> 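Dropping the structure in here first, questions after.
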Amino acid sequence: MEEDYSDELHEECGVFGVYSQENRSVAHSVYYGLYSLQHRGQESAGIAVSFADKISYYKGMGLVPEVFSGNKLDELPEGDIAIGHVRYSTTGASQLLNAQPVVFTGKCGKMALAHNGNLTNTKQLRDELIANNAVFQTTIDSEVMAVMINSLSDGDILTGVKRACQRFKGSYALVIMTCDKLIAVRDPYGIRPLCIGTVIDDYIVASESCALDAVSANFMRDVEPGEIVVIDSDGLHSYMMENVPEKSGMCIFEYVYFARHDSVLDGCSVYEARKRAGRLLARNYGVEADLVSGVPDSANVAARGYSEESGIPFVEALAKNRYVGRTFIQPDQRQRENSLSVKMNAMRANVCGKRVILIDDSIVRGTTMRKIIKMLRNAGASEVHVRICSPIVKHPCHLGIDIQTYSQLIGAYKSEEQICESLGADSLKYLSVEELIESCSDTKRGFCLGCFNGKYPYPLTGETDKMKLE
């Protein structure tokens, strides 16, 4: 039986960093950057500031403006370097102690680290470090990364990063701060996005380009897969890890769902990728209908692409409560269900007596789509045809998306026809893997497609049993 989860993918985090040529309120820049990355994690937020050979930080549970309400932001000191993090937990419990950045003192002095991604060999590394007398305060892989970097550093942070990255397996986009350096690191496959921008003489590092726009920074370039970028008083320096694979593997769901539609990742506009996906659905899986609509908000761009290609008018079929975040962000199941029930409502005046084409980015568990279809029928829709901007999700992910067992995936044990029947739709069609890749054709990277075809950049070390199809 399918478990009763919300029908959305869970992505882990967003990171942001700034290196300024002068002491100023760099925490405010990070605040606005994190605000624009809020879609990547609504569970906790934190900012760390480097000043006068010290690091001051504040972390809390909740949205960015909630965590830094009152005078919390103004209480952080002026400085010249700062990093920040927004989190959704895939590794480690939803607790304040697991909020980031991770801050501690080690061989390189004061250090802070924020991480987007998920290591697959965390337990092995943690056990090794504990055997060498390391002590951990959290249950997250980010602290394991920070301690490993420190242990291998010999007092030089760059040495520690280079050596530690040879040990890390999995996805990671890191921002690391010492008292005089800002460091950005992207894993050898480039699974998670990371980019660099400039504003006057300052450097900005962010998970997505929309965060650069939030602080009026100009996009400079993406961090390359396997690249270590060091920013200090002498400028920007680039170093490459050893044995970087020829083929990169950006998580393609960044384009389908995770990234904000106004971002550009590795040369590909997320907006254009989603619009092309909608056009491909109309071109290859068209059906007669009176209107086309998207499940708000991530599928609206694709729905407009479908409308333009097919000539069927785009009409809003669902009204979204703008004060309810993405349902998956709530880590507690009861909270998920409560937020889902107030998240959206059918537009009766628009759908009554109409044949509706409903576009969505993905179907994971089926629970949300089933409820939406029922909602539309109760509002009088005569037909509901579902079109999905990605292939059937058949396999779990261990690289930063919170779908970790086959039992969570309706596509793992049902065919397209069976899923359609289960949802109560009049018809259901998905993009193929090839069509999804075509929709993202502007990118200069390869893709990780493991959740569709079971082929991952990293082997399923230590993951096989819990992912087993029962």
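Computed from a prediction, not measured in an experiment: that's the story for all the values here. When a residue number appears, it is its place in the shown sequence, counting from 1.
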> Hey, do the aromatic rings of His395 and Phe452 have their centres closer than 6.0 Å?
no

> Is Arg221 salt-bridged to Glu227, cutoff N-O under 4.0 Å?
yes

> In the structure I gave you, are the side-chain heavy atoms of Tyr58 and Val67 within less than 4.5 Å of one another anywhere?
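Contact flag for Tyr58/Val67 side chains = yes.
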
> Taking everything shown except Glu316 itself, do over 12 heavy atoms lie less than 6.0 Å from its CD?
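No.
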
> Using the side-chain contact (heavy atoms from CB on, under 4.5 Å) rule, pick out the option among Val161, Leu129, Leu119 that qualifies with Met148.
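Between Met148 and the candidates, side-chain contact (heavy atoms from CB on, under 4.5 Å) is satisfied uniquely by Leu129.
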
> In Å, rounded to the nearest 0.5 Å, how long is the span from CG of Leu376 to CG of Asn345?
9.5 Å

> Ser171 side chain to Asn118 main-chain N or O, any donor-acceptor pair under 3.5 Å?
yes

> Before accepting this row, confirm whether a basic side-chain N of the pair Arg276/Asp442 lies closer than 4.0 Å to the acidic partner's carboxylate O.
yes

> Between His85 (side chain) and His115 (backbone), is there a donor-acceptor pair under 3.5 Å?
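A pair under 3.5 Å: yes.
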
> Go through the steps for His39 and Glu208 under the test side chain to side chain contact (heavy atoms under 4.5 Å, CB included), then give the verdict.
CA-CA 11 Å; His39 59 285; Glu208 294 182 35; 2.8 Å; yes

> In this structure, are over 12 heavy atoms from other groups packed under 6.0 Å from Lys247 atom NZ?
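No, because the 6.0 Å sphere around NZ of Lys247 holds 12 heavy atoms or fewer from other groups.
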
> Around Glu421, counting heavy atoms of other residues, nucleotides and ligands shown, do more than 12 lie under 6.0 Å from its CD?
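No - once you tally the heavy atoms of other residues, nucleotides and ligands closer than 6.0 Å, there are 12 at most.
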
> Is Glu242 paired with Lys162 through a side-chain N to carboxylate O contact shorter than 4.0 Å?
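A salt bridge is absent here (no side-chain N lies under 4.0 Å from a carboxylate O).
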
> Flag this pair as yes if the NZ/CZ of Arg126 is under 6.0 angstrom from the six-membered ring centre of Phe136 and inside a 45 degree cone about the axis; otherwise no.
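Cation-pi check for Arg126 and Phe136: passes.
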
> CD1/Ile359 to CG/Leu281 distance, rounded to the nearest 0.5 angstrom?
5.5 Å

> Please report the interatomic distance CZ(Phe258) to CG(Leu265), rounded to the nearest 0.5 Å.
12.0 Å

> Do the side chain of Asp426 and the main chain of Val384 share a donor and acceptor less than 3.5 angstrom apart?
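Checking the backbone N and O of Val384 against the side chain of Asp426, a donor-acceptor pair under 3.5 Å is found.
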
> Are any non-hydrogen side-chain atoms of Leu174 and Met145 less than 4.5 angstrom apart?
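Side-chain contact under 4.5 Å: yes.
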
> Is it true that Tyr306 and Tyr285 have ring centroids separated by less than 6.0 Å?
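Ring-ring flag for Tyr306/Tyr285: false, centres at least 6.0 Å apart.
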
> Keeping Asp297 on the side-chain end and Lys320 on the backbone end, is there a donor-acceptor pair under 3.5 Å?
no

> Between the main-chain N or O of Lys354 and the side-chain N or O of Ser382, is there a donor-acceptor pair closer than 3.5 Å?
yes

> Which residue, Lys444, Arg186, Arg192, forms the salt bridge (Lys or Arg N to Asp or Glu O under 4.0 Å) with Asp266?
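Considering Lys444, Arg186, Arg192, a salt bridge (Lys or Arg N to Asp or Glu O under 4.0 Å) with Asp266 is found only for Arg186.
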
> Any ion pair linking Arg87 and Glu43 (charged N to carboxylate O, less than 4.0 Å)?
yes

> Near Phe314 CZ, under 6.0 Å, is it more than 12 heavy atoms from other residues, nucleotides or ligands?
yes

> Going by atom types alone, do Thr139 and Asn98 pair a side-chain donor with an acceptor below 3.5 Å?
yes

> Shortest non-hydrogen contact from Gly446 to Ser248?
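Between these two residues, the closest heavy atoms are N-OG, 2.9 Å.
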
> Phe219 and side-chain contact (heavy atoms from CB on, under 4.5 Å): which single residue from Ile204, Leu212, Val264 fits?
Leu212

> Go through the steps for Val18 and Leu182 under the test side chain to side chain contact (heavy atoms under 4.5 Å, CB included), then give the verdict.
CA-CA 7 Å; Val18 56; Leu182 175 65; 5.7 Å; no

> Looking at CD1 of Ile47 and CZ of Phe68, how far apart are the two atoms once the value is rounded to the nearest 0.5 Å?
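Reported value, rounded in 0.5 Å steps: 3.5 Å.
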
> Has the side chain of Lys59 got a donor or acceptor atom that lies under 3.5 Å from a matching backbone atom of Pro101?
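Flag set: sc Lys59 to bb Pro101 pair under 3.5 Å.
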
> What's the verdict on side chain to side chain donor-acceptor pair (under 3.5 Å) for Ser422 and Arg370, showing C-alpha distance, side-chain angles and the deciding distance?
CA-CA 8 Å; Ser422 171; Arg370 191 177 298 116; 2.9 Å; yes

> Side chain to side chain contact (heavy atoms under 4.5 Å, CB included), that's the test. Do Ser207 and Val15 meet it? Break it down for me.
CA-CA 5 Å; Ser207 289; Val15 298; 3.3 Å; yes

> Before giving the answer on side chain to side chain donor-acceptor pair (under 3.5 Å), spell out for Arg163 and Ser153 the whole-Å C-alpha distance, their side-chain angles and the decisive distance to 0.1 Å.
CA-CA 8 Å; Arg163 290 175 175 173; Ser153 68; over 6 Å; no

> Under 4.0 Å between a side-chain nitrogen and a carboxylate oxygen: does that hold for Arg445 and Glu224?
yes

> Inspect the contact between Arg260 and Asp213 and indicate whether a charged nitrogen and a carboxylate oxygen are less than 4.0 angstrom apart.
no

> Taking only Lys NZ, Arg NE, NH1 and NH2, and the carboxylate oxygens of Asp or Glu, determine whether Lys72 and Glu66 approach each other closer than 4.0 Å.
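Looking at Glu66 together with Lys72, the answer is no, because their closest N to O distance does not fall below 4.0 Å.
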
> May I ask you to decide if Ile140's main-chain N or O and Glu143's side chain share a donor-acceptor pair within less than 3.5 Å?
no

> Check the pair Ser142 / Leu113 against side chain to side chain contact (heavy atoms under 4.5 Å, CB included), numbers first and verdict last.
CA-CA 7 Å; Ser142 306; Leu113 177 146; 4.1 Å; yes

> Could you state the interatomic distance from OG (Ser362) to OH (Tyr430), rounded to the nearest 0.5 Å?
9.0 Å

> Would you please classify the geometry between the Tyr255 ring and the Phe447 ring as parallel, tilted or perpendicular, with 30° and 60° separating the classes?
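Perpendicular, since the angle between the ring planes exceeds 60°.
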
> Just checking, any donor-acceptor pair under 3.5 angstrom between side chains of Arg274 and Ser269?
no

> With rounding to the nearest 0.5 Å, note down the distance linking CE in Met240 to CD1 in Ile228.
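The CD1 atom of Ile228 is 8.5 Å from CE of Met240, to the nearest 0.5 Å.
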
> So, for Ala184 and Leu194, which heavy atoms are closest and what is the spacing to 0.1 Å?
CB-CD2, 3.9 Å

